[in-house]
S.K.: 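This is the structure, below, for whatever I ask next.
First the proteins, then the strands, lettered A, B, ... as listed; each starts at 1. Predicted, not measured: the structure shown is a model, and the values here were computed from it.
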Amino acid sequence: MCGRFAQATGDRGLIDAFSIHQVMASELGPSWNVAPTHPAYVILERYEDAAGPVTDATAASPALTRQLRTLRWGLVPSWAKDPAIGSRMINARSETVTEKPSFRTAAGKRRCLVPAAGYYEWQKLGTGSRPRKQPYFLHGGDLDTPPGSEPLLAFAGLYEAWRDPSLPEDHPDPWLRTFTVLTRPATDALGHIHDRSPVLVPRELHGDWLDPDLTEVDSLMAAIPEPHLSPRPVSPAVGNVGNNGAHLIEPIELDGAPPSDSSTDSP
DNA sequence: CCAGACGTTGTT
DNA sequence: GTCTGG
DNA sequence: CCAGACGTTGTT
DNA sequence: GTCTGG
C-alpha cells in the first residue's frame with residue numbers, strides 16, 4: 001500500500017535525477033507528509049508542439065518531452081462528476097490496472113513516475129480494544145542509512161486530466177491534473193508490516209515506463225523487479241496530515257525493542 | 001433500452 | 001467514456 | 001494512509 | 001460504523 005509518502009528532493013535535484021527537459025510545475029517545498037489530495041511532483045512524457053506561439057506558420061512536428069509537473073494525488077477519471085472520487089483513487093492495483101475502467105486508459109498512455117524519499121505504513125499493534133498503530137518509514141537505504149540520505153525512489157504512477165465544469169469556457173487552464181500510485185503484493189521481507197507495496201521503477205526502466213507509445217503495459221510491469229526497502233519506526237506524529245518536517249522520518253525507539261524491525265504484534 | 005457504477009485498503 | 005445489471 | 005465528522009432550526 | 005477531507 002502507499003497512502004502517505006515523503007518527497008524531499010527539490011525541482012533542481014529532480015531535473016538532474018530524471019533528465020527533465022521541461023519544467024511545467026508550480027514550485028513545491030519539500031514535504032515529509034504528502035497525503036491524498038496534496039500536490040506533488042511527478043515526471044511524465046508528452047508530445048509538445050515545438051512550434052512557437054502565433055507567428056510560426058510552419059507547424060513543427062511535436063516532440064516527445066520529459067516534463068516535471070505538479071499534480072494532485074488521487075486520480076480523478078475524465079468522466080467523473082465529482083472530483084472528490086480522487087480521494088479513493090490514490091492507489092491502483094498493478095494486477096488489474098489494465099482492466100479497470102478508472103485506470104486502463106491512463107495505464108496505456110499516461111504513465112508517470114513519482115519521486116519519493118520513501119513512504120509510510122502503519123502496523124497495527126496490541127490486543128485490546130484500543131490497538132495502537134505504529135508508523136514505519138520505508139526507504140531504499142539500509143538500516144544504518146542516516147535520515148535524509150535515502151536514495152531517491154520512483155513510484156510507478158498514472159495521471160489524468162479532469163475538466164472542471166465549474167470553470168468558465170475561457171478559463172486559461174480549467175484542467176485538474178491528478179495521479180495515482182500503483183501497488184503490488186509485498187515481498188515476505190515487508191509483508192510482516194503490510195501485504196502491499198508500491199511499484200518501484202528502477203532507473204533503467206524509467207524511459208520505457210514513461211514512453212506513451214509503449215502500450216504493452218503488462219510486459220512492462222513484468223520487467224519490474226521486487227523492491228528492496230528497509231523499515232524505520234517513526235513517530236506517530238506523521239498520522240496527522242497537518243504535521244510536517246524532516247523529524248517525521250527520524251527513527252524512534254520502540255517500547256521494549258531496538259529500532260530494528262521485529263514482529264512484536266499479536267496474532 | 002436506461003441507470004448506475006467505475007476503487008483500494010484492511011478487518012473479520 | 002464504457003461496461004454491467006436490470 | 002489517518003483524523004475527524006457524522007445535523008437542523010433558529011438565534012446571537 | 002462509515003464517509004469525507006487532507
S.K.: Just compare E:dG5, B:dC6, B:dT8 and give me whichever is closest to any side-chain atom of A:W79.
M.R.: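 Nearest to the side chain of A:W79 among the choices is B:dC6.
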S.K.: Measure the acute angle between the ring planes of A:F179 and A:W73, then classify it against the limits of 30° and 60° as parallel, tilted or perpendicular.
M.R.: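 A:F179 and A:W73: parallel rings.
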S.K.: Show the numbers, then the answer: is there a side-chain contact (heavy atoms from CB on, under 4.5 Å) between A:L152 and A:L14?
M.R.: CA-CA 9 Å; A:L152 188 57; A:L14 296 176; 3.9 Å; yes
S.K.: Please check the phosphate of B:dT9 (OP1 and OP2 only) for any side-chain N or O of A:R93 closer than 4.0 Å.
M.R.: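 Yes, because at least one side-chain N or O of A:R93 sits under 4.0 Å from OP1 or OP2 of B:dT9.
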S.K.: Does a side-chain N or O from A:T96 land closer than 4.0 Å to OP1 or OP2 of B:dT8, or not?
M.R.: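 So the side chain of A:T96 is within the cut-off, an N or O lying under 4.0 Å from OP1 or OP2 of B:dT8.
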S.K.: Linking I/L/V/M/F/W/Y whenever their side-chain heavy atoms sit closer than 4.5 Å, directly or via other members, would A:L113 and A:L153 fall into one cluster?
M.R.: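 No, A:L113 does not connect to A:L153 through the hydrophobic network.
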S.K.: At less than 4.0 Å, is any side-chain N or O atom of A:H194 found next to OP1 or OP2 of B:dG10? Yes or no.
M.R.: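 Yes.
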S.K.: Whole-Å distance between B:dT9 P and A:L182 CG?
M.R.: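 Distance, rounded to whole Å: 11 Å.
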S.K.: C:dG1 P sits how many Å from A:L75 CG, rounded?
M.R.: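 Between P of C:dG1 and CG of A:L75: 16 Å.
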S.K.: Measure the distance from OH on A:Y119 to P on B:dT9 and round it to the nearest whole Å.
M.R.: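 The answer, rounded to whole Å, is 12 Å.
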S.K.: Can you check ring pair (Phe, Tyr, Trp, His ring centres under 6.0 Å) on A:F5 and A:F155, steps first, answer last?
M.R.: CA-CA 10 Å; A:F5 65 95; A:F155 299 149; 5.6 Å; yes
S.K.: Without decimals, in angstroms, what is the distance between A:M89 CE and E:dT4 P?
M.R.: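 Atom-to-atom, A:M89 to E:dT4, this comes out as 13 Å.
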S.K.: Does A:T183 place a side-chain N or O at less than 4.0 Å from the phosphate oxygens OP1/OP2 of B:dT8?
M.R.: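 For B:dT8, neither OP1 nor OP2 has a side-chain N or O of A:T183 closer than 4.0 Å.
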S.K.: Using a cut-off of 4.0 Å on non-hydrogen atoms, how would the nucleic acid contact of A:S102 be classed: base, sugar-phosphate, or nothing?
M.R.: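 Here A:S102 touches the backbone only, sparing every base.
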S.K.: Taking the minimum atom-to-atom distance to the side chain of A:V241, which one of E:dG6, E:dT4, D:dC2 wins?
M.R.: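 So the nucleotide nearest the side chain must be E:dG6.
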S.K.: Does E:dG1 pair with anything, Watson-Crick or G-U wobble, both distances under 3.5 Å, and if so, with which nucleotide?
M.R.: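 Here E:dG1 is engaged in a pair, and the nucleotide opposite it is D:dC6.
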S.K.: So which nucleotide from B:dG7, B:dT9, D:dC2 ends up closest to the side chain of A:N91?
M.R.: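 That would be B:dT9.
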S.K.: If I pick the C1' atom on B:dG10 and the same atom on D:dC1, what distance separates them, to the nearest angstrom?
M.R.: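 Between the two C1' atoms, the distance is 11 Å.
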